[in-house]
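Heavy-atom basis, side chains included; hydrogens, waters and symmetry copies ignored. In this text, all values refer to a predicted model and were calculated from it rather than measured experimentally.
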Amino acid sequence: MNEIIISKKKFLLEPAAIWRDCLRAIKDNVTLMTYNTWFVPIKPIELFSSTLKVQIPSQFFWEWIDEHYNTLITKTIHDVIGPEAKLAYVISDEKDIEEVPAVVINNSMNAPIVSEISKPKQDFESFLNPRYTFDNFIKGEGNQLARAAAGAISDNPGGTSFNPLFVYGGVGLGKTHLIQAIGNKILQTIPEKRVIYLSADMFTVEFVESIQNNTLNDFSNFYRKMDVLIIDDIQSLIGKEKTQDLFFQIFNTLHQLRKQIILSSDKPPKDLKGLDDRLISRFQWGLTADIQPPDLETRIAILKRKSEDYGMLISNEIIEYIANNITSNIRELEGCLIKLLANASLNSKEINLELTKSIVKEIATDIKINITIEDITKCVCVYFKIDENKIRDKTRRKEVVMARQIAMYLSKELTKSSLKTIGLHFGGRDHSTVIHAYNSIESSMQTDLQLKDTLNSLRNNIELNCS
């Protein structure tokens, strides 16, 4: 138990009790959503002198509270502990705190959080992101082969038949995470290995600079001495013949010495048109493994893991909605969670299904919205305050005719229904009537800005109601 003298008064203080006092003060100054999202996940660890050490879920978490709640936290710990009080942060990284000692930072919160990693310093920068590990890489059917090969390589770099390992797949599927996880695991278990990660673009930039500085031999020799060479986005070498020539030489040297080569690309080797055939052939010497978009179960697992990392409390209904509507890109899944956090915290909004739908619509590039003619008719009638039966009648009232033409126009734009089907829906009208309505609205929009705004509003309402 720690003793601190404040204002000539003696207090017996424990970390949990101190933090409870801080939380009581903080709770009075923020919304309940903000309190639950950003302060409840913070766990007190120990109190030493006037420094309270607390555990937080992630680097993102620290960056957020640093930007938005710095003043509040600083004032609170000064009020509770005293003017000399400091707050130290440690990122849990899903490990016990004893396993991840932290560097203490002061209450100004301007210094970065640093977690010590028990590995010797290399005499060069590996450029590996320590957050990319196997532990936080979610396994699924779409990445099963690539993940298994990556694990085997990390246990025996250069000693498997997976050399090179060539991982390919679309944007945002976790290629960079996986190939860096290999490097991080190797340095953790075999710290004497020389491991480096860089993009093909950066390799090209360094190559050009070495020519300009007359240090090409140094550049080439540096990469030939690597035990593990990890190159991201190798397709960026397309069209760069001199860079390809040098990389070909480095590749040959490393492979002959049984050093591990790991590459990533957006396409398989055979589809990299414009790349030297000799390189394409060598890329196929080892294992070529693709990463497919995650299935539903994997997307749900990713969302649950990320929401835990960010300290978010999200219902299964919302997680499943996001997972069902963002299907091809892990980055978009994470982006959706971050935007939900921002809206909930900054705008004091509850994380509910309505907010989630609007954010998914903004972010998703592959959102699946099933819009029917009935959906469109309902939205148009509500907007113009017209009974749905009237829009199907033969009345020629101006406001009804306009609503009917707009509904026909949007039905052609937003559904795959035939002109005949659309016409039948609106009172058994002929397909030529639908064409006339479509052309009429299309023409009027060129000069009628109010009509254009009306159509945009209707589109948004229809897509939001159907999403």
Side-chain angles (χ1 to χ4, degrees), residues 1-118 129-131 136 306-313 337-338 340-342 344-348:
M1 190 176 292
N2 298 277
E3 296 185 2
I4 298 178
I5 305 297
I6 303 176
S7 303
K8 299 182 180 179
K9 230 174 144 187
K10 186 174 184 181
F11 294 89
L12 295 177
L13 303 174
E14 291 185 351
I18 286 293
W19 187 241
R20 277 197 299 271
D21 289 344
C22 291
L23 287 179
R24 275 193 283 269
I26 289 169
K27 194 173 184 179
D28 292 336
N29 291 278
V30 297
T31 66
L32 184 59
M33 174 63 69
T34 296
Y35 176 79
N36 287 333
T37 302
W38 296 109
F39 295 99
V40 171
I42 299 175
K43 307 299 180 186
I45 300 170
E46 65 178 5
L47 183 67
F48 179 76
S49 183
S50 58
T51 298
L52 177 65
K53 182 183 287 188
V54 294
Q55 177 180 331
I56 57 177
S58 66
Q59 175 75 17
F60 170 84
F61 194 99
W62 175 79
E63 290 170 356
W64 185 275
I65 61 175
D66 177 38
E67 182 176 351
H68 297 97
Y69 306 114
N70 180 1
T71 302
L72 174 61
I73 293 176
T74 300
K75 180 180 183 304
T76 301
I77 63 168
H78 284 176
D79 290 345
V80 173
I81 301 177
E84 301 301 317
K86 298 178 182 179
L87 201 61
Y89 293 84
V90 61
I91 299 174
S92 64
D93 199 25
E94 300 185 356
K95 298 183 178 70
D96 293 335
I97 197 63
E98 289 78 14
E99 296 179 4
V100 189
V103 175
V104 173
I105 60 172
N106 62 34
N107 63 295
S108 69
M109 299 175 69
N110 289 324
I113 297 180
V114 181
S115 292
E116 294 176 355
I117 300 175
S118 57
N129 185 335
R131 296 172 63 191
N136 56 31
K306 293 293 183 183
S307 62
E308 289 171 4
D309 289 346
Y310 299 156
M312 296 173 70
L313 302 173
L337 287 180
I338 291 172
L340 273 175
L341 267 180
S345 299
L346 297 181
N347 301 324
S348 300

Worksheet item: If you measure from CD on E46 to CD on E14, what distance do you get to the nearest 0.5 Å?
Response: 13.0 Å
Discussion item. Side chains of I18 and V80, heavy atoms from C-beta outward: is any pair under 4.5 Å?
Written reply: yes
Discussion item. If you define the side chain from C-beta out and look only at heavy atoms, does anything of I81 sit under 4.5 Å from L52?
Written reply: yes
Discussion item. List the residues meeting side chain to side chain contact (heavy atoms under 4.5 Å, CB included) with N129, not counting sequence neighbours, and say none if there are none.
Written reply: R131, Y132, Q180
Item to complete: Find out whether C22 and I77 are in side-chain contact, i.e. whether some heavy atom of one side chain is under 4.5 Å from a heavy atom of the other.
Response: yes
Worksheet item: Between NZ of K86 and NZ of K53, what distance do you get to the nearest 0.5 Å?
Response: 13.5 Å
Item to complete: Find out whether Y89 and I65 are in side-chain contact, i.e. whether some heavy atom of one side chain is under 4.5 Å from a heavy atom of the other.
Response: yes
Worksheet item: Could you walk me through whether W38 and L341 pass the side-chain contact (heavy atoms from CB on, under 4.5 Å) check?
Response: CA-CA 10 Å; W38 296 109; L341 267 180; 3.6 Å; yes
Worksheet, complete the sentence: For T76 and A25, the nearest pair of non-hydrogen atoms, with its separation, is CG2-CB, 3.9 Å
Discussion item. How close do P15 and P44 get, counting heavy atoms only, and between which atoms?
Written reply: O-CB, 3.6 Å
Practice prompt. Quick one: list whatever passes side chain to side chain contact (heavy atoms under 4.5 Å, CB included) with N29, sequence neighbours left out.
Written response: L72
Worksheet item: What distance separates H78 NE2 from T74 OG1, expressed to the nearest 0.5 Å?
Response: 6.0 Å
Worksheet entry | Sidechain N-carboxylate O distance under 4.0 Å for D28, R24 | no
Item to complete: Answer yes or no: is there a side-chain heavy-atom contact under 4.5 Å between F39 and I73?
Response: yes
Fill in: Closest approach of K43 to V40 (non-hydrogen atoms, all atoms of both residues)
NZ-O, 3.4 Å
